[in-house]
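None of these values were measured; they are calculated from a predicted model.
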Amino acid sequence: MIKVEKDFEKRLIEFRHHLHKFPELSYHEFKTTEEIIGWFERLGLPPVNLDLETGAVFDIVGEHPGPVIALRADIDALPMQEDNVSPYRSSVDGVMHACGHDMHTTALLGAGALLLKNRDLIKGTVRLLFQPAEEVATGAKYVCEKGALDGVDAIFGFHNIPTLPLGTIGIKSGGLMAGVDRFEVIFHGRGGHAGVPHKTIDPIIIAAEYVTNIQSIIARRINLFDNAAISVTHIEGGSTWNIIPDHATIEGTVRTFQKGSRKIIPLMMKKYSYGIAEANDGYADFHWEGLHPVVDNDPSFRKPLEDLTLELGYKPVEAKPSSGGEDFSFYQEQIPGFFVFVGVEGSEPWHSPIYNMKDSALKIAVEFLANVPLAISNHEMFRDKINIE
């Protein structure tokens, strides 16, 4: 069992504060990437050459045969102003680590350093994957296209969560974080004077009818036991009080936890947009942007991870599904994986301008990550990769 010593914990906390002070946006994590590479170069571990502009990948080869297990952390920050008052508050105007990716990055740095010291315990290879651009939901896809998952057998990761107390790790099989998609519909009519509406085709009326009707997709077209939501978040049409415009635009997001619902909802929304527009003598342009699927945890990993949590002296709890999205799901579409929540006992939710966490949560995350490959390498899924003599 790999544990974190007090001096090393202090060093990691200092490093996390440093990253928090100098946040970088998605695909602009240049300094952060330099810091990550520098950390491991000082330990004698060069990055895998994947031609990444930002982000980095490292392989720690163990002393025994076994699977390739990837551990992933995201490294980007958010475009928002920090309102915390602390010695390590963001020094970059309008940029903040308001989702705790500074903690994720530091946890994987710490786990990597500990695994390097304990190569004799590793069966197979541990791949450390520092991913850019999670906040724009494309970073996982980007690193996969560069070969980050080539040869990898399974992947594990975590997200801090402020609603769980310190010492708890939220574990759940199946859907943990929602599939996230975006839609935009432009309704076209015929503009004119508001005093003679019968000579116009009012796109605002069409849009209003659509907004009301698409909720029936959830109520009547989706399985009662599926979890889904359609949220219209932006409506725009017209320029003044006495003119009916010639078009109106709505956009929003759809959140799902089942593949079937994610497939049928855009088909129904498109059908509704065309039908309602045509019934009012207008027409519609429907646009759908699939961002990322549901974080879908492989149930066979649950028991080993619960056992590991207990062995480390922490408490496994049933994680509550989150309607927030995570592009860790892209990895799980290609290989088995599992994503957990690490309790940080924060006072504010993710993406708050005063978001912060307890420093002592970092030790828990590091120990969990460092021991996952040791606990998982004996899984029956990888039996053929371990040479038992």
Side-chain angles (χ1 to χ4, degrees), residues 1-5 8-9 11-12 15-16 19 32-52 54-75 103-132 140 143-144 146-158 301 304-305 308 311-312 328 331 334-340 342 362-379 381-382 385-387:
M1 193 65 61
I2 299 175
K3 301 290 281 186
V4 174
E5 296 180 356
F8 189 50
E9 179 186 8
R11 183 182 167 199
L12 290 172
F15 196 93
R16 182 240 153 182
L19 289 181
T32 303
T33 299
E34 288 179 13
E35 298 272 10
I36 293 166
I37 292 174
W39 173 278
F40 285 108
E41 283 184 340
R42 288 188 290 274
L43 296 173
L45 184 68
V48 177
N49 185 13
L50 295 181
D51 192 31
L52 297 173
T54 58
V57 174
F58 303 85
D59 282 346
I60 302 174
V61 181
E63 297 183 5
H64 311 280
V68 180
I69 303 295
L71 303 175
R72 174 269 204 171
D74 39 17
I75 68 175
M103 183 258 204
H104 302 169
T105 301
T106 308
L108 189 53
L109 288 170
L114 293 175
L115 285 164
L116 274 168
K117 285 184 177 181
N118 291 274
R119 287 180 190 261
D120 59 311
L121 300 179
I122 299 174
K123 293 178 180 178
T125 298
V126 179
R127 171 158 288 194
L128 310 176
L129 201 172
F130 294 88
Q131 178 208 305
V143 298
C144 285
K146 292 289 189 176
L149 284 193
D150 290 357
V152 177
D153 295 297
I155 187 165
F156 299 85
F158 80 95
F301 293 134
L305 295 179
L308 170 62
E311 288 174 24
L312 288 168
F328 186 86
Y331 305 125
Q334 299 185 51
I335 60 174
F338 210 99
F339 197 72
V340 305
V342 174
L362 187 55
K363 172 180 179 290
I364 299 163
V366 172
E367 291 181 347
F368 182 80
L369 280 182
N371 285 281
V372 162
L374 312 184
I376 291 297
S377 60
N378 288 320
H379 192 283
M381 187 183 296
F382 313 123
K385 295 181 179 290
I386 300 175
N387 184 21

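Here the straight-line distance linking atom CG of L374 with atom CD1 of I2 works out to 4.5 Å at 0.5 Å rounding. With rounding to the nearest 0.5 angstrom, the CD1 atom of I36 is 10.5 Å from the CG atom of L128. Between the OG1 atom of T105 and the CD1 atom of I75 there is a distance of 6.0 Å, given to the nearest 0.5 Å. Atoms NZ and CG, on K146 and D51 in that order, are 4.0 Å from each other to the nearest 0.5 Å.
Judged by distance alone, with hydrogens and angles left aside, the side-chain atoms of K3 form a donor-acceptor pair with the main-chain N or O of L312 at under 3.5 Å. Between the H64 side chain and the D120 main chain, a donor and an acceptor come within less than 3.5 Å of each other. Checked by atom type and distance alone, the side chain of T125 never pairs as donor or acceptor with a backbone atom of G62 at under 3.5 Å. A distance-only check finds no donor-acceptor pair linking the side chain of D74 to the backbone of Q131 [under 3.5 Å]. Looking only at distances, no side-chain donor or acceptor of N371 sits under 3.5 Å from a matching main-chain atom of M1.
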Item to check | Worked verdict on L52 versus T33 for side chain to side chain contact (heavy atoms under 4.5 Å, CB included) | outcome: CA-CA 10 Å; L52 297 173; T33 299; over 6 Å; no
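Classified by interplanar angle (parallel below 30°, tilted 30° to 60°, perpendicular above 60°), the ring pair F58/F130 is perpendicular. The aromatic rings of F382 and H379 sit tilted, their planes meeting at an angle between 30° and 60°.
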